[in-house]
Amino acid sequence: MFDSIREDIRSVFDRDPAARNSLEVLLTYPGLHALLLHRLAHWCWRRGMKLLARLISTFSRWATGIEIHPGARIGRRFFIDHGMGVVIGETAEVGDDVTLYHSVTLGGTSWNKGKRHPTLEDGVVVGAGAKVLGPIRVGKGARIGSNSVVTKEVPAGATVVGIPGRVIAKANTEEEKNREEMARKIGFEAYGVTNDMPDPVAQAIRSLLDHMHAVDTKIDRMCSALREQGIRGCDEKLPELNDADFDAVDGADAGPDMAHPPRRDGTDSNT
């Protein structure tokens, strides 16, 4: 028992640079308190003392702001950072060395009996506000970005962002492997977010806009050549674009020139 507590305290130091000493961690970290109380509640639950187990988990929720059903199975070196608002359902399974940030939900999507909550394999990191829903499996070492909503299986080592959650493909280069190795040595990216984690929908829109403007440039050149030959088939006007339709993507997330990016020939699409 005491070895397990010492291991839990050491895991805090491994993943939270703000931790200063063991006494402070033991007395002031609600994630650790919730974990220790859950272990007691789970012990009672497995031995048929389910009312007592629920009372312990209810007290834990009141004291820490973290709700863990006593039936949930949690592995070693589990770490909840900040913790407020975390909810873990009855049939959830959490592997070793898993990290959750505040407002994470490991929830169900059905009222039926049986397995209805997710399984997180070893080394998973779930960012703040993310929701992992249903009896799905999140593979070993996967990362769930902040505020993502994940309802489908996540392969091992993948990074997921967005609503609904989408897997981001990462370049399998030697440089990337070196970065990941260094990240493991010094810790990990806080809140399950990395610098190479763009929104997949915005990235797809950027690619489509680049292609459209390249096609637009070619058409302009073709029409100019036709006019020089006296052919007037290109005089028909295209529908006007309304700038207000692009306001949602013309900002910090999509970039200041997202609505009207420059043409590939160097001219501006507004002209």
Side-chain angles (χ1 to χ4, degrees), residues 4 8 30-81 83-167 192:
S4 176
D8 292 331
L32 179 61
H33 301 159
L35 177 59
L36 297 178
L37 287 169
H38 169 73
R39 293 227 171 100
L40 176 60
H42 186 66
W43 186 89
C44 295
W45 183 267
R46 292 183 60 188
R47 285 157 180 77
M49 296 179 284
K50 296 193 173 181
L51 177 59
L52 178 59
R54 292 303 301 267
L55 288 172
I56 294 170
S57 67
T58 298
F59 171 76
S60 177
R61 181 180 63 177
W62 172 81
T64 67
I66 298 168
E67 180 174 348
I68 307 176
H69 193 282
R73 298 181 180 180
I74 294 178
R76 298 168 60 186
R77 297 178 298 277
F78 178 57
F79 179 54
I80 303 176
D81 198 5
M84 182 62 69
V86 168
V87 177
I88 301 177
E90 177 187 5
T91 61
E93 298 176 54
V94 178
D96 298 337
D97 302 300
V98 171
T99 302
L100 306 185
Y101 285 90
H102 53 277
S103 300
V104 166
T105 299
L106 306 183
T109 56
S110 170
W111 290 347
N112 298 325
K113 295 290 185 180
K115 176 69 172 173
R116 58 190 186 278
H117 298 94
T119 296
L120 275 55
E121 295 186 355
D122 298 349
V124 170
V125 179
V126 185
K131 316 300 176 189
V132 186
L133 307 176
I136 63 174
R137 182 171 293 273
V138 180
K140 184 176 180 179
R143 295 164 183 253
I144 309 298
S146 298
N147 297 316
S148 300
V149 178
V150 182
T151 57
K152 295 181 180 180
E153 301 276 329
V154 178
T159 298
V160 177
V161 298
I163 304 174
R166 296 175 176 86
V167 175

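Positions are given from 1, in the same order as the sequence printed here.
Of the possible polar contacts, one joining the His38 side chain to the Ala72 backbone as a donor-acceptor pair under 3.5 Å is found. Side-chain N or O atoms of Thr64 include one that pairs as donor or acceptor with a backbone N or O of Ile66 at under 3.5 Å. No donor-acceptor pair under 3.5 Å is formed between the side chain of Glu153 and the backbone N or O of Ile136. Formation of a donor-acceptor pair under 3.5 Å by the Lys115 side chain with backbone atoms of Thr91 is found in this model. No donor-acceptor pair under 3.5 Å is formed between the side chain of Arg39 and the backbone N or O of Leu35. At distances below 3.5 Å, not a single donor-acceptor pair connects side-chain atoms of Lys152 with backbone N or O atoms of Arg166. Checking side-chain atoms of Ser60 against main-chain N and O of Ile56 turns up no donor-acceptor pair under 3.5 Å. His42 places a side-chain N or O within donor-acceptor distance of the main-chain N or O of Pro70, the cut-off being under 3.5 Å. Thr119 places no side-chain N or O within 3.5 Å of a backbone atom of Glu93 that could act as its donor or acceptor partner.
For the atom pair CG of Leu106 and CG of Leu120, the computed distance is 5.5 Å after rounding to the nearest 0.5 Å. If you take CZ on Arg54 and CE on Met49, they are separated by 15.5 Å, rounding to the nearest 0.5 Å. The line from OH of Tyr101 to CD1 of Ile80 is 12.5 Å long, rounded to the nearest 0.5 Å.
By the 4.5 Å heavy-atom criterion applied to side chains, Val150 and Val126 are not counted as neighbours. With a 4.5 Å cut-off on side-chain heavy atoms, Ile88 and Phe78 count as touching. No side-chain heavy atom of Pro164 sits less than 4.5 Å from a side-chain heavy atom of Val149. The shortest distance between side-chain heavy atoms of Ile163 and Asn147 does not fall below 4.5 Å.
By the ring-ring contact (aromatic ring centres under 6.0 Å, His included) test, Trp111 pairs with no residue at all, sequence neighbours left out. Considering only residues two or more places apart in sequence or on other chains, His117 meets the ring-ring contact (aromatic ring centres under 6.0 Å, His included) condition with none of them. Applying the side-chain contact (heavy atoms from CB on, under 4.5 Å) criterion to Leu55, with sequence neighbours excluded, gives Leu51.
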One pair to check against salt bridge (Lys or Arg N to Asp or Glu O under 4.0 Å): Arg61 and Glu67. What are the steps and the verdict? CA-CA 5 Å; Arg61 181 180 63 177; Glu67 180 174 348; 3.3 Å; yes

I would like to know whether Val94 and Leu100 meet side chain to side chain contact (heavy atoms under 4.5 Å, CB included); could you show each step before the answer? CA-CA 10 Å; Val94 178; Leu100 306 185; 5.8 Å; no

Taking it one step at a time, do Arg76 and Asp96 satisfy salt bridge (Lys or Arg N to Asp or Glu O under 4.0 Å)? CA-CA 5 Å; Arg76 298 168 60 186; Asp96 298 337; 5.5 Å; no

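Contact detail for Ala142 and Val154: the closest heavy-atom pair is CB-CG1, 3.8 Å. For the pair Thr109 and Pro135, the tightest heavy-atom approach, listed with the atom from each and the gap, is OG1-CD, 4.3 Å. Across all non-hydrogen atoms, the minimal contact from Val132 to Pro118 is O-CG, 3.4 Å. Nearest heavy atom pair, residue Leu52 against residue Cys44, reads CD2-SG, 3.8 Å.
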